[in-house]
Number of protein chains: 2
Amino acid sequence: MLYAGFMSAALPPFPRPQENVGPLELLQLGTGIDEDEPCLRADAARNRARLLEAAERLVAEHGAAALTMEAVATAACVGKGTVFRRFGDRTGLLAALLDHSERKFQAALLSGPPPLGPGAPPVERLRAFGCALLDRSVDKLELLLAGEPSAERRHAFPPRRFLHQHVTLLLREAVPDADCELLAHTLMAYLDAPLIHHLTEQRGLPTERVRAGWLDLVARVTRTESPARGSESPATEPTA
Amino acid sequence: MLYAGFMSAALPPFPRPQENVGPLELLQLGTGIDEDEPCLRADAARNRARLLEAAERLVAEHGAAALTMEAVATAACVGKGTVFRRFGDRTGLLAALLDHSERKFQAALLSGPPPLGPGAPPVERLRAFGCALLDRSVDKLELLLAGEPSAERRHAFPPRRFLHQHVTLLLREAVPDADCELLAHTLMAYLDAPLIHHLTEQRGLPTERVRAGWLDLVARVTRTESPARGSESPATEPTA
DNA sequence: AAGAAAACTGGACCGCGGTCCGCTTGGGAT
DNA sequence: ATCCCAAGCGGACCGCGGTCCAGTTTTCTT
């Protein structure tokens, strides 16, 4: 079954899970996450807050992987159906938990100080982007892993699309005659939470090496030179 | 909860799911998939065959995404427990379905004719590798998507590790002074099934463009020149 | 203030992935 | 031929994600 838009082609479980974005084109310039409940009934808003608070507490207590929708509902003194109506599915709930951090990051990209925000040359912004996203991902790794969308939706998820779009734009400035959309996917893939998790937690690489890998990757992809290269050894690779 | 090895740290559901590889070091030189049941009781072997056949039929009939373990068990006239004992979990069953193709591909890499097999210069082998894997992935896309391991296990799965190792080795020949292990992750990420699915089915890119993207990526990562560049336009990018 | 439509609620319900455990069976050893 | 027991078996069982819908609450209209 193919998808026509963002949400599943099948009819949504309820009138509308509310937590999704509008038409696809919107997020091209928007934040990738719609504004906080534009018009939410008083009780609904209260329940939403309760749910988020409960979820946050449960994650802190038992870890994101162990978070169940039912437990959140119970902890918030609310019916299970309410959780799903509000957040669509487990992924949506986890995404909501990440929303704050997400927005902050997006804001920093769009209007923060350089080199992350506008004002610096594109390659420098790319470098900063990767390092910042790396930091953020390490920070929120548990939520990111637990909240990963299914394979079919992964690349269509608004936050990812937003970041991808950002990278694409920077690349177009840096390497105008390349297929920047594809190249952006490559760069984004390097920063994917499951990969970071694998590298840092399973393989035990120091984050410094991962960061150096990003800088090198940007250099290669944009066919520029690494900053500060040649003075230190080129990553020792204690492979196994 | 962190992982100590390949299978979950928790005790396996049965004595041993049988379908996994041995100790991690083994797959460094092995195929990444253990040999066909080295010693399997007659009835067990028969049931295994039945199960695979039934699964294949069900996938052909209803699609891989709709495949349920229970349905496979029923269709094979076998108890549900047997399916899980044999294949560990849904992912394992799907992996078994892909096993044939997997081995063929691995054999081609290890001992097939160049440029895929040994004998060609590393960069050329990388190019061929990507194109071949791309073809294979497009071919088996449905199974690959349906059988994707969970985020935590994804990069630790034997087939992936094997391919990653292969790319790492080629890269070490091509760019000796780079962090080839990380670079290999980047290259592998470009060939990930969910990304290919997104690009070809959701965004509608022609596979030709995706293939060109691979060749360009290899060129950039290895800091070489694209083959046949300059004659055609550099990927038109009909973005929005 | 009253009535009606829309939004929201909660918990019963379903299907599936995965586990458990008492029973069966295959295939050496004697 | 018989015994024995590890390997295998299967289906009852569990928990969770997700759906449904009859009833409730809020808010809009007049």
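Labels below follow one simple rule: chain letters A, B, ... track the order of the sequence lines, proteins then strands, and each chain is numbered from 1.
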Rounded interatomic separation in angstrom, taking CZ from B:Arg46 and P from D:dA7: 19 Å

May I ask you to say whether A:Glu53 pairs ionically with A:Arg50, meaning some side-chain N is under 4.0 Å from a carboxylate O? no

Between atom CZ in A:Arg90 and atom P in D:dG15, what is the gap in whole Å? 17 Å

If I take atom CG in residue B:Asp43 and atom P in nucleotide C:dT25, what distance separates them, rounded to the nearest angstrom? 10 Å

Assuming nearest nucleotide by heavy-atom distance, tell me which of A:Glu70 and B:Glu70 is located more 5' along DNA chain C. A:Glu70

What is the distance, to the nearest angstrom, from the CG atom on A:Leu67 to the C1' atom on D:dG17? 12 Å

Using a 4.0 Å heavy-atom cut-off, does A:Leu93 contact any base of the nucleic acid, only the sugar-phosphate backbone, or nothing at all? nothing

Under 4.0 Å: is that the gap between some side-chain N or O of A:Asn47 and OP1 or OP2 of C:dC8? no

So what does A:Thr68 touch, heavy atoms closer than 4.0 Å: a base, only the sugar-phosphate, or nothing? sugar-phosphate

Please report the distance, rounded to the nearest Å, between CZ in A:Arg85 and P in D:dT24. 17 Å

Produce the list of close N/O pairs, under 3.5 Å, pairing protein atoms with atoms of nucleotides 28-30 of chain D; give distances to one decimal.
none

Touch check for B:Ala73, heavy atoms < 4.0 angstrom, all strands: base, sugar-phosphate only, or nothing? nothing

Does B:Leu195 reach the side chain of A:Met188, with side-chain heavy atoms less than 4.5 Å apart? no

Figure out the CZ/P separation between A:Phe84 and C:dG11, and round it to whole Å. 15 Å

Measure the spacing between CG of A:Leu182 and CZ of B:Arg211 and express it to the nearest 0.5 Å. 13.0 Å

Can you tell me how far CG of B:Asp135 sits from CG of B:Asp139, rounded to the nearest 0.5 angstrom? 8.5 Å

Can you tell me if the side-chain N/O atoms of A:Arg86 get under 4.0 Å from OP1 or OP2 in C:dT9? yes

Would you call the rings of B:Phe129 and B:Phe105 parallel, tilted or perpendicular, where under 30° means parallel and over 60° means perpendicular? tilted

Separation of atom CG in B:Asp89 from atom C1' in C:dT19, rounded to whole Å: 13 Å

Charged N to carboxylate O below 4.0 Å: is that the case for B:Asp192 and B:Arg154? no

Interatomic distance where CE belongs to B:Met69 and P belongs to D:dC16 [whole Å]: 20 Å

CD-CZ distance between B:Glu102 and B:Arg136, expressed to the nearest 0.5 angstrom: 4.5 Å

A:Val138 side chain near A:Val210 side chain, heavy-atom distance below 4.5 Å: no

A:Glu61, CD: over 12 other non-hydrogen atoms inside 6.0 angstrom: yes

B:Leu110 versus B:Phe162: any side-chain heavy-atom pair under 4.5 Å? yes

Tell me, which of residues 55-65 of chain B have any heavy atom that sits under 4.0 Å from an atom in DNA chain D? none

Nearest-nucleotide check on DNA chain C, B:Arg41 vs B:Lys80; residue mapping nearer the 5' end is B:Lys80

